[in-house]
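The structure appears below as structure tokens.
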Amino acid sequence: QQERILTRINKLLLSVGAMKAGTTWLYRQLEQHPGISFSREKELHYLAFAQGHRKNLNLQYRLSRWSAARRRAADSGTRLPGPDVSWYLDYLLMPRTWHWYERRFAGVRPEQYCADFSNLSALLSESAWEELLGRVGELRLLYVLRDPLDRVWSHLKFHYQLGDAQEQLAHLARYESTAGLPERELIDHSLYACNLQRILRVVPREHVHIILYEQIDSDPVGVLRDVEAFLGLAPHDYNPAKLQRRINASASLERPAWVKEHFMPLLAQDLRNLQELNVSVPESWCA
């Protein structure tokens with residue numbers, strides 16, 4: 001009981017996914033808002049780590065993030081400032097406990113939302129959500145949904161791109177499992193209804209805001225205004241240059257027919273289940 005009342009995160013905003021659905025774009029916009037405070041890392045992965053997904057916050061991963069931060073500073077002709085160095089040293093060396101997670105948001109004002117855009121959070125268990133509700137004053141979730149087949153294809157392209165194997169992907173005639181990206185991972189991150197049902201058994205529906213990927217393309221400012229209204233924040237003037245910028249775009253390969261042939265049978269029922277949750281998606285997702 002004493003552990004539960006040691007709550008220092010007053011307001012927590014989580015973007016829970018979907019992976020490869022525009023969450024980095026959303027992050028780049030909302031990090032400009034004075035009512036929202038991100039840590040020095042967009043994706044902290046602590047919540048998934050606490051549930052057993054160890055590889056996403058192991059020492060090798062944290063060292064890679066520390067190296068990337070130093071590289072970004074060097075590329076801009078500067079060095080990391082002292083507070084950033086201290087933050088990363090604690091990120092690297094201290095135990096990954098709830099208090100470690102709280103310290104990622106040190107200095108945040110009580111009225112600000114602490115923001116963590118870790119897409120793995122979509123897969124958290126009910127018990128993990130229950131525990132989180134006991135540790136946070138106010139919890140709000142954003143969930144960006146994309147055509148699940150397009151999401152799978154973008155995820156595959158990004159994976160093959162990282163492995164410098166785009167040509168191999170371009171010549172595939174059917175789905176083939178690949179090292180480092182299990183088929184189960186591709187499916188789980190596209191099972192939006194399944195993930196939402198698990199979340200909504202614990203988190204009130206009015207505390208979960210759903211965004212469609214198509215809305216980001218058609219009305220980016222409207223998407224941000226809806227998020228501000230959901231969070232009770234004043235409208236902000238966002239950088240126009242960032243609004244139209246594509247981020248983390250994967251290679252431009254047209255989605256082949258085998259993606260639908262292989263994955264739609266695995267995803268079709270989940271798409272139908274979205275209707276039971278009163279989530280309207282474009283007809284093209286089911287075509």
Side-chain angles (χ1 to χ4, degrees), residues 12-45 47-48 56 65 68-69 72 75-76 104 112-123 140-162 185-186 189-190 192 195-196 199 208-231 233-255 279-282 284-285:
L12 180 63
L13 171 64
L14 300 180
S15 171
V16 300
M19 191 179 295
K20 303 306 296 178
T23 56
T24 300
W25 176 89
L26 188 61
Y27 158 68
R28 291 299 185 196
Q29 312 314 315
L30 294 181
E31 69 173 346
Q32 303 172 53
H33 200 293
I36 301 173
S37 180
F38 287 85
S39 78
R40 288 163 176 81
E41 287 290 326
K42 164 183 169 264
E43 296 180 299
L44 290 171
H45 294 317
L47 301 175
N56 299 104
R65 303 312 306 156
R72 288 193 298 269
D75 289 346
S76 64
R104 301 310 96 216
Q112 287 181 301
Y113 279 95
C114 300
D116 179 5
F117 275 36
S118 302
N119 293 331
L120 293 173
S121 298
L123 309 181
R140 299 293 183 270
L141 308 184
L142 303 176
Y143 201 168
V144 187
L145 309 185
R146 182 181 186 179
D147 180 320
L149 296 178
D150 285 344
R151 197 217 69 78
V152 164
W153 179 234
S154 182
H155 198 158
L156 279 167
K157 288 191 295 180
F158 188 69
H159 177 77
Y160 276 83
Q161 186 174 322
L162 288 177
E185 182 176 334
L186 287 168
H189 284 281
S190 293
Y192 307 141
N195 295 333
L196 275 169
I199 291 169
V208 180
H209 181 62
I210 295 170
I211 302 167
L212 299 184
Y213 181 83
E214 287 81 358
Q215 295 172 313
I216 293 175
D217 275 339
S218 64
D219 187 14
V221 174
V223 166
L224 297 171
R225 293 291 176 254
D226 287 346
V227 170
E228 290 165 341
F230 168 67
L231 298 175
L233 297 174
H236 180 71
D237 291 329
Y238 297 93
N239 184 336
K242 289 188 175 183
L243 285 172
Q244 303 301 328
R245 186 178 302 167
R246 294 188 67 192
I247 301 171
N248 288 345
S250 49
S252 57
L253 293 174
E254 185 176 350
R255 193 185 84 195
V279 178
S280 299
V281 299
S284 60
W285 288 22

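Scope of the values below: all heavy atoms of this structure, side chains included, with no hydrogens, waters or symmetry mates.
Judged purely by atom type and a 3.5 angstrom limit, Arg151 uses its side chain to pair as donor or acceptor with the backbone of Met19. Of the possible polar contacts, none joining the Gln29 side chain to the Leu224 backbone as a donor-acceptor pair under 3.5 Å is found.
Counting heavy atoms of neighbouring residues, nucleotides and ligands inside a 6.0 Å radius, atom CG of Asp237 does not exceed 12 of them.
Not a single salt bridge (Lys or Arg N to Asp or Glu O under 4.0 Å) links Arg72 to another residue, sequence neighbours left out. Judged as a salt bridge (Lys or Arg N to Asp or Glu O under 4.0 Å), and not counting sequence neighbours, the contacts of Glu41 are Arg65.
The CZ atom of Arg146 sits 4.5 Å away from atom OG of Ser154, with the distance rounded to the nearest 0.5 Å. Note: Leu231 CG to Leu30 CG = 7.5 Å, rounded to the nearest 0.5 Å. In this structure, the separation between NE2 on His45 and CG on Asp116 is 8.5 Å, given to the nearest 0.5 Å.
When only modelled atom types and interatomic distance are considered, Asp150 and Tyr213 share no side-chain donor-acceptor pair under 3.5 Å.
What you find for Trp25 and Lys242 is that their closest heavy atoms are NE1-O, 3.6 Å.
Relative ring orientation between Tyr238 and His33 is described as tilted, the plane-to-plane angle lying within the 30° to 60° band.
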**Item:** Test side-chain contact (heavy atoms from CB on, under 4.5 Å) applied to Leu142 and Thr23, step by step
**Value:** CA-CA 9 Å; Leu142 303 176; Thr23 56; over 6 Å; no

